[in-house]
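One structure is given below, encoded as structure tokens.
Each chain gets a letter, A, B and so on, in the order its sequence line appears, and its residues count up from 1.
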Amino acid sequence: MSQSAPKQRPATVTPGPRIHSSSFLRRFMKQWDVQLMVIPGVILVFIFSYLPMYGVITGFMDYNLFTGSRIWENPWVGFKHFEAFFNAPEFERLIRNTLVISLLKFFIGFPAPILLALMLNEVRHMFFKRTVQTLTYLPHFLSWVIVAGLTMSMLSTENGSVNMLLKSVGLINEPINFLGMKEYFWSILISANVWKEIGFNSIVFMAAIAGIDPALYEAADIDGASKFKQIFNITLPSIMPVVIIFMILAIGNLVNAGFEDILLLATNPVLRPVSDVIDTYVYRVGLGTHRYSYAVAIGLFKAIVSVTLLTIANYMARRSGNSLW
Amino acid sequence: MLKRISFGDKVMLAVIYVLLGLLAFSALYPFWNAVAISFNVGVDTSKGGITFWPRQFTLENYQVILQDERLINGFMISIARTVVGTATSILMTAIVAYGMTRSYLYGRSFYMTFFIFTLYFSGGLIPTYLLIRSLGLMDTFLVFIIPSMVSVWNMIIFRTFFKGLPVGLEESAHIDGCSNWGTFFRIVLPLSGPVIATLALLTAVGHWNDWFLPSIYITNEDLLPIQTILRETLNANIKTAQSSAIDSSALALIESSKNTSSKSLTMAMMIVVTAPIILVYPFVQKYFVKGVLVGSLKE
């Protein structure tokens, strides 16, 4: 990563596609000003993205904090930490929770914004439509700390609106400590996610719907098709390409069950059997109990699964005629 | 258009309006309720029953919050971090993106692969943490700024936008003797208002809302942003509630510690932390709608 090349200014400063220089250095020097735009970015990405990739080799060592950057002084242990993870008592529930939570997010969190976009599209009162949009987009811009705080407040046993409602309609006699009971956690987590993102994620589907040729609807009207039929026979098929692309993207993300939301909502250790996913486990054993190498190995395991899924997703996207980049 | 709506469609529309109304209400209610609680006297809140309006109105909760030096300091850190972090990241990323649009850039496809690879694979939490540690960035303000300075996603969005600009403008600038840097600052940046606004907005929100990185990289209380402080306060409250359920005698002890606060006080704090976002939200709404589309539909 030598930066000495751009230092002296060559006679010609106007680079252009016409340059056919034989030597790498001369070609490089001719366009030092453009290289100077890109190289600082490359260096930053190298440091903060590639050096940590290099750091994953500590997953095959017994890393000791005192060796610092002299990583090679740590003893090699091969796949010890991977084996320890696969045999850990938590392993099964970690995999199960990761899969269940991400699948729930996929099957509920993915269609919800499409449904919202379809419903908004039928609304003819502009004021009502804009109000609904404004209110449902807003939660996207709140931090998870705030969303978790509001969720806790709503579900609280102390002046929590949900408990108050359930009590007033006579469904319960005593307030329920929703966030302290395992059976409610997944529903709460998914609801909070849908609440936060449904509006914002519907924007792209609204745009896709707006791009549909109005003549299609007019023809359907003349032929006497009901609104309901129009949704299924015009709107949905027309936005399918967009839906498919986003679905593929979501599949590439299946291994990410979430992190911040779980960390903030599952503060009660009682919830751990249902809330613990790979990411939260890595965080806890790595930064909580300082088992660095073990945590690095688990992180690497997850990253490999993730790359595989993303590659497959991107391949599928390309097959469907839409590259992701 | 024919305007005869069938009975079935009328029912469907009614259902849609009701569902959308409920959704809008559920999006708004948690805030509304939080505001009501934040204006209520703390002791009174614990009796329950606060929904839309405060029962015993008081400004005391906000007075306490706005006089707390730790919170004021956290607020300042958050503002500084958001302003500096957004400005540097947007400028840096845009420059890289502009360089990447030059078709004769030597090594361009290598650079692109180099950047895009990071979207697929990352070293993960622990190696990044150890790196930040060994770089001496722990407990510094720079840890908020430097690691997130180049965003590959934003770079791709910028690049797509720059490619869509009319080529003639840049060409004539070049003919008039404008350098690449000059063209970038005088021609390209001024034409990129909407995409800059959008990406700056999303980056700023990301900075303002981040609580996690400070929670692992910052131990110095004076450098903690407001979101992380809020998180700690919420956590302290939960711990209190949990331990009081286990052992009621412990409650009195914890109650007296400084981190514990009433629900009304916590809600006031949450409203104060959210206020900046709610205040700018109406003015930037049109930008992010545009921006989401730039980012996802591309070309």
Legend entry - Leading residue by heavy atom contact count with chain A [cutoff under 4.5 Å; candidates B:Phe115, B:Tyr98, B:Phe25]: B:Phe115
Inset, instruction - Quick one: closest heavy-atom pair of B:Asp210 and B:Pro225, and the distance? - result: O-CG, 4.4 Å
Legend entry - Interface moiety of B:Met12 toward chain A, non-hydrogen atoms closer than 4.5 Å: side chain
Inset, instruction - Return the option, out of B:Ile126, B:Leu125, B:Ile132, with the maximum number of heavy-atom pairs under 4.5 Å with chain A. - result: B:Ile126
Inset, instruction - Please say whether the positively charged group of A:Arg284, taken as NZ for Lys or CZ for Arg, lies over the ring of A:Tyr281, i.e. under 6.0 angstrom from the six-membered ring centre and within 45 degrees of the axis. - result: no
Inset, instruction - Among the options B:Leu130, B:Val150, B:Thr274, pick out the one with the most heavy-atom pairs lying under 4.5 Å from chain A. - result: B:Leu130
Legend entry - Under 4.5 Å from a heavy atom of chain B, the part of A:Thr134 involved: both
Inset, instruction - Against chain A, label B:Thr118 side chain, backbone, both or neither, depending on which of its atoms sit under 4.5 Å from a heavy atom there. - result: both
Inset, instruction - Would you mind checking which part of B:Met155 comes under 4.5 Å of any heavy atom in chain A, side chain (CB onward), backbone (N, CA, C, O), both or neither? - result: neither
Inset, instruction - Give the intermediate values and the outcome of ring-ring contact (aromatic ring centres under 6.0 Å, His included) for residues A:Tyr283 and A:Phe259. - result: CA-CA 9 Å; A:Tyr283 169 71; A:Phe259 177 65; 5.7 Å; yes
Legend entry - Any donor-acceptor pair under 3.5 Å from B:Gln227 side chain to A:Val145 backbone: no
Legend entry - Side chain A:Ser49, main chain A:Phe46, donor-acceptor under 3.5 Å: no
Legend entry - Which portion of A:Leu51 sits near chain B, non-hydrogen atoms under 4.5 angstrom: side chain
Legend entry - Part of A:Thr131 within contact of chain B (heavy atom distance under 4.5 Å): neither
Inset, instruction - Please find out if less than 6.0 Å separates the ring center of B:Phe52 from that of B:Tyr29. - result: yes
Legend entry - Most chain B-contacting option - heavy-atom pairs closer than 4.5 Å, from A:Phe128, A:Tyr217, A:Trp144: A:Phe128
Legend entry - Most chain A-contacting option - heavy-atom pairs closer than 4.5 Å, from B:Met100, B:Arg231, B:Arg108: B:Arg231
Legend entry - Rounded distance [0.5 Å steps], OH in A:Tyr50 versus CD1 in A:Ile43: 14.0 Å
Legend entry - Region of B:Leu20 that comes under 4.5 Å of a non-hydrogen atom in chain A: both
Legend entry - Interface moiety of B:Tyr129 toward chain A, non-hydrogen atoms closer than 4.5 Å: side chain
Inset, instruction - Check each atom of B:Ile175 against the heavy atoms of chain A and say whether the ones under 4.5 Å are side chain, backbone, both or neither. - result: neither
Inset, instruction - Could you look at A:Leu115 and say if it's the side chain, the backbone, both or neither that has a heavy atom under 4.5 Å from chain B? - result: neither
Inset, instruction - Please examine the side chains of B:Tyr111 and A:Ile39, heavy atoms only from C-beta on, and report whether any two atoms are closer than 4.5 Å. - result: yes
Legend entry - Under 4.5 Å from any heavy atom of chain B - which part of A:Leu179: neither
Legend entry - Contact leader toward chain B among A:Gly160, A:Ser306, A:Gly149, where contacts are heavy-atom pairs under 4.5 Å: A:Gly149
Legend entry - Heavy-atom check, side chain of B:Ile229 versus side chain of B:Trp211, under 4.5 Å: no
Legend entry - Heavy-atom check, side chain of B:Met112 versus side chain of B:Ile116, under 4.5 Å: yes
Legend entry - Contact check, side chains of B:Trp181 and B:Ile95, non-hydrogen atoms, under 4.5 Å: yes
Legend entry - A:Leu309, part contacting chain B, at a heavy-atom distance under 4.5 Å: neither
Inset, instruction - Among B:Pro127, B:Gly107, B:Gly124, single out the residue with the greatest number of heavy-atom pairs under 4.5 Å to chain A. - result: B:Pro127
Inset, instruction - Mind ranking A:Asp279, A:Ile304, A:Leu263 by heavy-atom pairs under 4.5 Å with chain B and telling me who comes out on top? - result: A:Leu263
Legend entry - Distance (rounded to the nearest 0.5 Å) between B:Tyr17 OH and A:Met119 CE: 12.0 Å
Legend entry - B:Asn180-A:Gln31 side chain donor-acceptor pair, cut-off 3.5 Å: no
Inset, instruction - Output the distance between atom CD (B:Glu171) and atom SG (B:Cys178), rounded to the nearest 0.5 Å. - result: 13.5 Å
Inset, instruction - Could you tell me how the ring of B:Phe114 sits relative to the ring of B:Phe110: parallel (under 30°), tilted (30 to 60°) or perpendicular (over 60°)? - result: tilted
Legend entry - Closest-packed option against chain A by number of heavy-atom pairs under 4.5 Å, given B:Gly99, B:Pro147, B:Ala24, B:Ser148: B:Pro147
Legend entry - Selection from A:Leu142, A:Asn163, A:Thr136 maximising heavy-atom pairs under 4.5 Å formed with chain B: A:Leu142
Inset, instruction - Check whether A:Leu300 gets within reach of chain B through its side chain, its backbone, both or neither, counting any heavy atom under 4.5 Å. - result: side chain
Legend entry - Option that, when pairs with chain B are counted at under 4.5 Å, heavy atom only, ranks first among A:Gln133, A:Met152, A:His125: A:His125
Inset, instruction - Name the member of A:Ser226, A:Gly55, A:Gly286 that forms the most heavy-atom pairs with chain B at distances under 4.5 Å. - result: A:Ser226
Inset, instruction - Would you mind checking which part of A:Leu44 comes under 4.5 Å of any heavy atom in chain B, side chain (CB onward), backbone (N, CA, C, O), both or neither? - result: side chain
